[in-house]
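Below is one structure, written out as structure tokens, with a few remarks after it.
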Amino acid sequence: MGEEYLISRFYSAAALLPQGLRDTFGRLSDGEKALAEEFRLRAGLLPSVLLPEGEKRLGTKTVSPRDLADILEIATESSLHSSKESIKNGFVTGLGGHRIGICGTAIMKSGEIDGIRAISSLSVRIAKEIKDCGREVAPKLIENGQFLSAIVISPPGGGKTTLLRDLIRQLSNRGFKVALADERNEIAAVRGGIPQTDVGVRTDVLSSCPRDQAVMLLLRTMSPDIIAMDEITAPRDARALESASNCGVGLLATAHALDVSELCGRGLYRELLLQGIFKKAVVISRTKGARSFSVQDLGGLC
Amino acid sequence: MLTKIIGALMVTAATTSLGLMSARQLKRRVRSLRSLVGALDIMRSEICTRLTPMPELLELLAAQSGEPANIFFANCLIKQRSMRGRPFVELWLSALKSTQELELNENELEPLTELGSALGRYDTDRQGEAILAARKRLEAFLQKAESERDRESKTRTMLGIAAGVMITIILI
């Protein structure tokens, strides 16, 4: 993947920042811009960029609460009201598919988060489309022309979404009808109905819909060969996957875990693995900033 | 004598058209305020009920509002595209400044100026309240402008004609 492309993604994410912060991050070297993974912005502290070796603080001017509010306004195109549901879940997705994680004071209503006020920090994750990163993985998920349901695992920030996006593209271009439940709209980054990333020629995208509802809707309406989704996090996601699996659809999803044994140790995933819903695990590991992928059979591992 | 008649007619025509223009300006102010009140109704319903994103909302208002509010929202849309990355209030104020067709005075523009700082940054309730407050003030200006139009429209036209006749008599 060319440095030019990575720098263009850096600038695409920086466009979500107010001018002052954009200038601060713009003073990084081209090499650092290409390697940058996230912008970390905390009220009252210096802005920092997350590089493979860790966070690097920048400039001399601290981030103000006004800066944070401006970022959300820019990222939502002055439509904070339209992003209420995703803000409840602690994020918004800006133009270009860059996900912005939000921290602040939760507004609680009837025991549930209804929003976040007094924003204290934001993390802007720079979305990168790394084409062909899943080229060697995709064939290992197909046996006798059939897709074997798989779960992609890594710790947070490990590159699950990037790999998932490319696997979707690879499988779609190999003839599978893929239905993508893109709740955060960061895989396909659909804008005006058109995906801004390449998710393949046979991929149907349902964005900004809760994953569990999206899975059932896609199953009923799009007759997919594979349903793909990012990050199984709630029991209702797991239940939707169980239902889909019983309908003979292949599943491709991601989860936070260091390895398969850690995945098996967590109740939500253990159930799915014990039921044999996923046949393969794609484990992402990272050594000195370089990522590698291994495909493991899940039979009998839990 | 003929020259005098032609001169008198020209003077009367000029003052009459001044009177008519003044009366028309009253009508345009009413039309402008009415179109803005209608647009704010659409805006409130779209934001509070359908959670319509701002670019889509501006497009809708540019297409569906009455004139000249539609021109104002079309200008907002253009500025949102050209001023990407700037806070919404800046483009809103810039569009207000550049939409001469609104023909409103400073007092009448004030509710819209204040509304700009509430749009896009807050939840639906707070935006809905701000829109209602602006609408209420514009509605009051509209009623005032309507009664002014009813009261003064004919007077201004007649004054124009009378002024022309008076000048002609004085000059002759």
Side-chain angles (χ1 to χ4, degrees), chain A residues 11-23 25-26 39 64-88 92-96 98 100 102 104-107 109 113-119 124 185 190-193 207-209, chain B residues 40 42-63 72-96 112-132 134:
Chain A
Y11 280 114
S12 161
L16 302 175
L17 307 176
Q19 192 62 52
L21 283 168
R22 212 179 299 169
D23 293 342
F25 285 104
F39 303 135
S64 69
R66 171 75 195 238
D67 288 330
L68 301 179
D70 282 349
I71 293 169
L72 290 183
E73 191 186 330
I74 295 168
T76 60
E77 294 187 280
S78 311
S79 311
L80 219 57
H81 55 278
S82 308
S83 305
K84 190 177 177 186
E85 282 306 310
S86 72
I87 291 172
K88 276 186 191 178
V92 293
T93 305
L95 278 178
H98 309 286
I100 302 176
I102 307 168
T105 307
I107 304 164
K109 247 186 203 171
I113 298 174
D114 190 54
I116 299 175
R117 63 178 175 82
I119 308 296
V124 182
N185 197 25
V190 172
R191 186 166 164 74
S207 52
S208 307
C209 176
Chain B
L40 291 191
I42 300 175
M43 179 185 268
R44 184 164 170 269
S45 144
E46 288 292 326
I47 287 181
C48 297
T49 315
R50 295 189 58 227
L51 309 179
T52 309
M54 198 54 81
E56 199 182 309
L57 176 59
L58 293 176
E59 260 178 54
L60 184 87
L61 290 169
F72 167 62
F73 289 110
N75 281 340
C76 285
L77 194 61
I78 292 165
K79 291 196 184 288
Q80 191 174 46
R81 284 169 187 162
S82 64
M83 294 169 69
R84 201 166 285 257
R86 308 294 305 160
F88 185 79
V89 64
E90 284 184 26
L91 66 94
W92 177 268
L93 294 180
S94 171
L96 260 187
L112 290 172
T113 307
E114 288 173 10
L115 177 61
S117 54
L119 292 175
R121 290 186 86 91
Y122 301 107
D123 61 18
T124 48
D125 294 347
R126 205 153 152 195
Q127 288 191 70
E129 281 166 19
I131 296 166
L132 262 187

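We name chains A, B, ... by the order of the sequence lines, and we start the count at 1 in each one.
Note: B/Asp123 CG to A/Asp114 CG = 8.5 Å, rounded to the nearest 0.5 Å. Once rounded to the nearest 0.5 Å, the distance linking CG of B/Leu57 with CD of A/Glu77 reads 12.5 Å. Taking CG from A/Leu80 and OG1 from B/Thr124, the interatomic distance works out to 10.5 Å, rounded to the nearest 0.5 Å. Interatomic distance, A/Ser82 OG to B/Glu46 CD, rounded to the nearest 0.5 Å: 10.0 Å.
Among residues 66-73 of chain A, the residues having any heavy atom closer than 4.5 Å to a heavy atom of chain B are, in sequence order, A/Arg66, A/Ala69, A/Asp70, A/Glu73. Heavy-atom proximity under 4.5 angstrom to chain B picks out A/Gln19, A/Arg22 from residues 14-22 of chain A.
Under the 4.5 Å side-chain criterion, counting only non-hydrogen atoms from C-beta, B/Pro53 is not in contact with A/Ser83.
Heavy-atom distances place the side chain of A/Ile74, and not its backbone, under 4.5 Å from chain B. Neither the backbone nor the side chain of B/Glu56 comes within contact range of chain A; no heavy atoms are under 4.5 Å apart.
Other residues, nucleotides and ligands place more than 12 heavy atoms under 6.0 Å from the CG atom of B/Leu132.
Between the side chain of A/His81 and the backbone N or O of B/Tyr122 there is no donor-acceptor pair closer than 3.5 Å.
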